[in-house]
There are 2 protein chains.
Amino acid sequence: MKIKSGFPRPLCSVDVVIFALINSKLCVLLTKRPLSPNEPFRGKWALVGGFVDKNLDQDIKSTAIRKLKEKTNVDTPYLEQLGSWGSATRDPRDWSVTIAFYALLPKTLATKDKNGTNENVKWAVIQGSSIHEELAFDHMEIFKSALKRLRSKVEYTSLPAYLLDEKFTLSELQKTFEIIVGRKLEKSAFRTRINSVNLVTPIEEYRTGSNRPAQLYVLSKKSEPLYFKRTLKPVTDE
Amino acid sequence: MKIKSGFPRPLCSVDVVIFALINSKLCVLLTKRPLSPNEPFRGKWALVGGFVDKNLDQDIKSTAIRKLKEKTNVDTPYLEQLGSWGSATRDPRDWSVTIAFYALLPKTLATKDKNGTNENVKWAVIQGSSIHEELAFDHMEIFKSALKRLRSKVEYTSLPAYLLDEKFTLSELQKTFEIIVGRKLEKSAFRTRINSVNLVTPIEEYRTGSNRPAQLYVLSKKSEPLYFKRTLKPVTDE
DNA sequence: AGAATAGTGTCTTTAAGACAATATGGC
DNA sequence: GCCATATTGTCTTAAAGACACTATTCT
């Protein structure tokens, strides 16, 4: 079955940077590296990931979905390819290439079962642009790249909507955007912006509390994120 | 030297979508697939690329630079990672992963030597969103993805500047932008836009012709592309 | 002078930002 | 009524678009 390829092949893996909001904080899912001898970075925290399995996986996205499902039991969250990292030194075992993805999990799915039950998986709170844990391989670089991509895309797309549950109010949506960009947004401008694209659809339901009830919405189309016409705040040069 | 990896490894290659302006037309560099038996897509046109060489290449970007240099003799053009394609079926030989890059060559370097001398390399003219040649593997998809990325980035970055030679006039820069976006741009708005970021620096030279001489400029910094505050034209929803 | 392209100025339009005003439920 | 949050409106600001006008060199 082994075909003469002409070149010795590098290792090939897929990693997934999984984001979710836990207690109104942006978090990333980490797994503990196995303790077996021969394994690099034994017992260290790492991103969710693993080798491409030529028998199980039809393509690299399948590998990402498989790994995601293994650790979170979530099937189809927002999943986007981030980029690839490959070098002679990133894995002590051999020349190694990893294709990185990032995923956004809705609140309830993120905290469903899995957690508490599994000591080898945890949500790390993101503070500023980092987490307290050290990460195996070049996973810190990959994580930071994913965070940067997410933060950048918040400025001009509807990405944060994927972090909410099915029904949400505009205030909740705004709060989610604010958590990601890390600053307060103007209510009025935010609403105009959201309404300028076909992102949300009001439903016949309201969220009640100790104040005026708020209109509940669902995402109009769950598929692709929408692009706004301008960024939230002018990009600073230099 | 072969280490127990636990998993049979996929093939791992790098492809580079190389763009340049030839005779004021956006073009992409193609190479002819080898004719030897055992080779897939014999004699078909393909993107520039090849397998990662664990001995020669320190990382995947090195592979891209090596392949670029082999075919164009250009050392350091604008080079950006585009994404990865990997599946069981994209290469008849085996499960295969390719990491795609795209590069922008300045005019004179693109047409330097190499061409005419080598029957196995040619510039394909891009018309609309495609080229006339059929391409090997999934290279058409990769090419289209690169073109889409380039076109998208023109709307809010200074990318086209990398397609020009060292010295250029604002009109030439505008024309380059227009070729990529595929529509005419307003001269006044374009100039305001360019001047709003520190993209170009005037030099003590002028381009003369049968009309008023034009101020020549050079790129202020050759490193990263700059981001404008808005896209050129509102993105259409739907 | 006339052609041709370079470069500038003025007005309009679009969408974001600031801030205020009004709306509506629970208590 | 009062509080708290929802929702809307009005004015300002920043940058793109339309269009016209001026500038400079060559023939």
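Sequence lines set the chain letters: A, B, ... in the order given, protein chains first and strands last, and positions in each chain run from 1. None of these values were measured; they are calculated from a predicted model.
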(message) Please report the distance, rounded to the nearest Å, between CZ in A/Arg207 and C1' in D/dA4.
(response) 16 Å

(request) Would you kindly compare A/Ser171 and B/Arg193 by the position of their nearest DNA chain D nucleotide and give the one closer to the 5′ end? (result) A/Ser171

(message) Between C1' on C/dT5 and CD on B/Glu172, what's the gap in Å once rounded to a whole number?
(response) 12 Å

(request) Please report, rounded to the nearest Å, how far the C1' atom of D/dT25 is from the CD atom of B/Glu205. (result) 17 Å

(request) Return the orientation label for the A/Tyr78 and A/Tyr162 ring planes: parallel under 30°, perpendicular over 60°, tilted otherwise. (result) parallel

(request) Write down the distance between NZ (A/Lys184) and P (C/dA18), rounded to a whole number of angstrom. (result) 14 Å

(request) Could you check A/Glu186 against B/Gln215 and say which one's nearest nucleotide on DNA chain C is further toward the 5' end? (result) B/Gln215

(message) Is there, by distance only and without an angle test, a donor paired with an acceptor across the side chain of B/Ser188 and the base of C/dG7 below 3.5 Å?
(response) no

(request) Could you tell me whether B/Glu70 and B/Lys67 make a salt bridge, using a distance below 4.0 angstrom between a side-chain N and a carboxylate O? (result) yes

(request) Take atom CD of B/Glu155 and atom P of D/dA16, then tell me their distance rounded to the nearest Å. (result) 12 Å

(message) What does the B/S/- profile of nucleotides 21-27 of chain C look like, 5' to 3', with a 4.0 Å heavy-atom cutoff to protein?
(response) --BBBS-

(message) Need to verify one output field. Residue with the more 5' nearest nucleotide on DNA chain C, B/Asn195 or A/Phe190?
(response) B/Asn195

(message) Taking the basic N atoms (NZ, or NE/NH1/NH2) and the acidic carboxylate oxygens, is any pair closer than 4.0 Å for B/Glu178 and B/Lys175?
(response) no

(message) Which label fits B/Tyr102 and B/Phe19: parallel for a plane angle under 30°, tilted from 30 to 60°, or perpendicular past 60°?
(response) perpendicular

(request) Identify whether the distance between the nearest side-chain nitrogen and carboxylate oxygen of B/Asp138 and B/Arg90 falls below 4.0 Å. (result) yes

(message) Check A/Arg183 with A/Glu155, please: is the shortest side-chain N to carboxylate O separation under 4.0 Å?
(response) yes

